[in-house]
Amino acid sequence: MWEDGMTIFCGIDWAERHHDVALVDDTGSLLAKARITDDADGYNKLLELLAEHGDGPDTPIPVAIETSHGLLVATLRAGNRKIFAINPLAASRYRDRHGVSRKKSDPGDALVLANILRTDMAMHRPLPADSELAQAITVLARAQQDAVWSRQQIANQVRSLLREYFPAALLAFQSKKGGLTRPDARGVLALASTPAKAARLTLAQLRAALKRSGRTRSFDVEAERLQAVFRAEYARQIPAVEDAFGQQLQALLMQLAAACQAADDLAAAAEECFHQHADSEILLSFPGLGSLLGARMLAEIGDDRARFTDARALKSYAASAPITRASGKKRFVGRRFVKNNRLMNAGFLWAFAALQASPGADAHYRRRREHGDWHNAAQRNLLNRFLGQLHHCLQTRKCYDEQHAFSPPLALSSGQPA
């Protein structure tokens, strides 16, 4: 970071095939610029360029780049070097400070990024120094969540298709938990891809399909119910169109089966890694957090204890803490829109599950509703409280204590003096 008493800053404008690099000193003078390829040779050239200007274990040069992932970032993160992932929108605002002509170039963007660190490094957060295991959990938990979203998207396509020509299939499975993603639903639909094929299925064929799907009981009752549904009277497409729809359904069922298997496999892998982490015991001590949801929470908050200076920083990152907008006589307090969407998604699931697992959480939620909060606002307030407790437990290495966490609400609800 220092070369002959000067502080050095690096900016990288990344692209798919090449990256532009700029190095500036603390006066804003351009010391070096280069274009590197997106491969091992290019990364080595970048590291050599940084080393020539004083980068080392004791004097690492901070780097600004508009992404937080990829092989280039992984290469730069090796060691104590601070990497700042600058939001592209923020970088575009800084560009206007260097000229009003609206000109833009990749080398110029690299220079802008380097100058962002030179002038406002304290206003930006470096990438967290998470452990290798925490980073692996992040990859698996996010991939599992993506697989769940993909599974639901394909299931919605199957549902829309069945509405076009086979409403009986929707009636057969829509009221059951999991709906069309259930193994027995997919197994039966593979045999009954059209109304004509479904009506011809015998009880023995239906029982066999249910057994192959993993069902362990009530084969006869379920087979009789399905046969009655499939043989009822419904509007039908003409035979040729119906068969074409059946072929489309078979293709979608193959995609749905792959998505379901991917979600299950990734869930198992994420849970296995999660249980190996030292923070898992603390996370699992909280009501409403299981292995998979705990893995998602850990994936988003990481295990770098210096990442959040206090509990409010974590709450702001999750958007559970309100934000104030004040100007003149106007003052508005509302929810945050800029947030970690994955953390918020996991947090809402956590807060909802905690209502059944924690008397204190349920009392807190009901009290917020009685004071006029809508469901989402009450859930957000409960999550806000849980995040504060989670930050404290992780910092002090203590497990969750229900009586300590919700002692005032529990005391008031039991009629005891506060």
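Because the structure is predicted, anything quoted here is derived from the model rather than measured.
- Between the side chain of Glu402 and the backbone N or O of Gly360, at least one donor-acceptor pair lies under 3.5 Å.
- In Lys33, the NZ atom is not crowded: 12 or fewer heavy atoms of neighbouring residues, nucleotides or ligands sit closer than 6.0 Å.
- The residue from Leu113, Ile36, Leu72 that alone fulfils the side-chain contact (heavy atoms from CB on, under 4.5 Å) condition with Ile12 is Leu72.
- With rounding to the nearest 0.5 Å, the separation of CG in Asp279 from CG in Asp303 is 6.0 Å.
- For Arg307, there are no salt bridge (charged side-chain N to carboxylate O under 4.0 Å, His left out) partners two or more places apart in sequence or in a different chain.
- Atom CZ of Phe348 has more than 12 heavy atoms from other residues, nucleotides or ligands within 6.0 Å.
- Formation of a donor-acceptor pair under 3.5 Å by the Ser285 side chain with backbone atoms of Tyr400 is found in this model.
- Judged by distance alone, the side chain of Asn44 and the main-chain N or O of Ala40 form a donor-acceptor pair under 3.5 Å.
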Output a table of donor-acceptor pairs, distance under 3.5 Å, between side-chain atoms of residues 247-264 and any protein atom two or more places apart or on a different chain; print 'none' if there are none.
{"residue": "Gln250", "atom": "NE2", "partner": "Ala190", "partner atom": "O", "Å": "2.9"}
{"residue": "Gln261", "atom": "NE2", "partner": "Asp265", "partner atom": "OD1", "Å": "2.8"}
{"residue": "Gln261", "atom": "NE2", "partner": "Asp265", "partner atom": "OD2", "Å": "3.3"}

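- For the pair Arg369/His375, a side-chain contact is recorded, criterion being any heavy-atom separation below 4.5 Å from C-beta on.
- With salt bridges taken as basic N to acidic carboxylate O contacts below 4.0 Å, one links Asp362 and Arg366.
- For an aromatic pair to be called close, the ring centres must be under 6.0 Å apart, and Phe166 with Phe245 fails this.
- Remark: Gln395 engages Arg305, His391 in a side chain to side chain contact (heavy atoms under 4.5 Å, CB included) (not counting sequence neighbours).
- Judged by distance alone, the side chains of Gln135 and Asp130 never bring a donor and an acceptor atom under 3.5 Å apart.
- Defined by atom type and a distance below 3.5 Å, a donor-acceptor pair is missing between the side-chain atoms of His371 and Arg368.
- Counting only N and O atoms by type, the side chains of Asn381 and His364 include a donor and acceptor under 3.5 Å apart.
- Applying the side-chain hydrogen bond (donor to acceptor under 3.5 Å, both in side chains) rule to pairs touching residues 80-91 yields Asp55-Arg81, sequence neighbours excluded.
- Judged as a side-chain hydrogen bond (donor to acceptor under 3.5 Å, both in side chains), not a single pair has a partner in residues 62-72 (not counting sequence neighbours).
- Under the side-chain hydrogen bond (donor to acceptor under 3.5 Å, both in side chains) criterion, the residue pairs touching residues 163-183 are Arg182-Asp184, with sequence neighbours excluded.
- Note: Phe286 and Phe386 have perpendicular aromatic rings, judged against thresholds of 30 and 60 degrees for the angle between ring planes.
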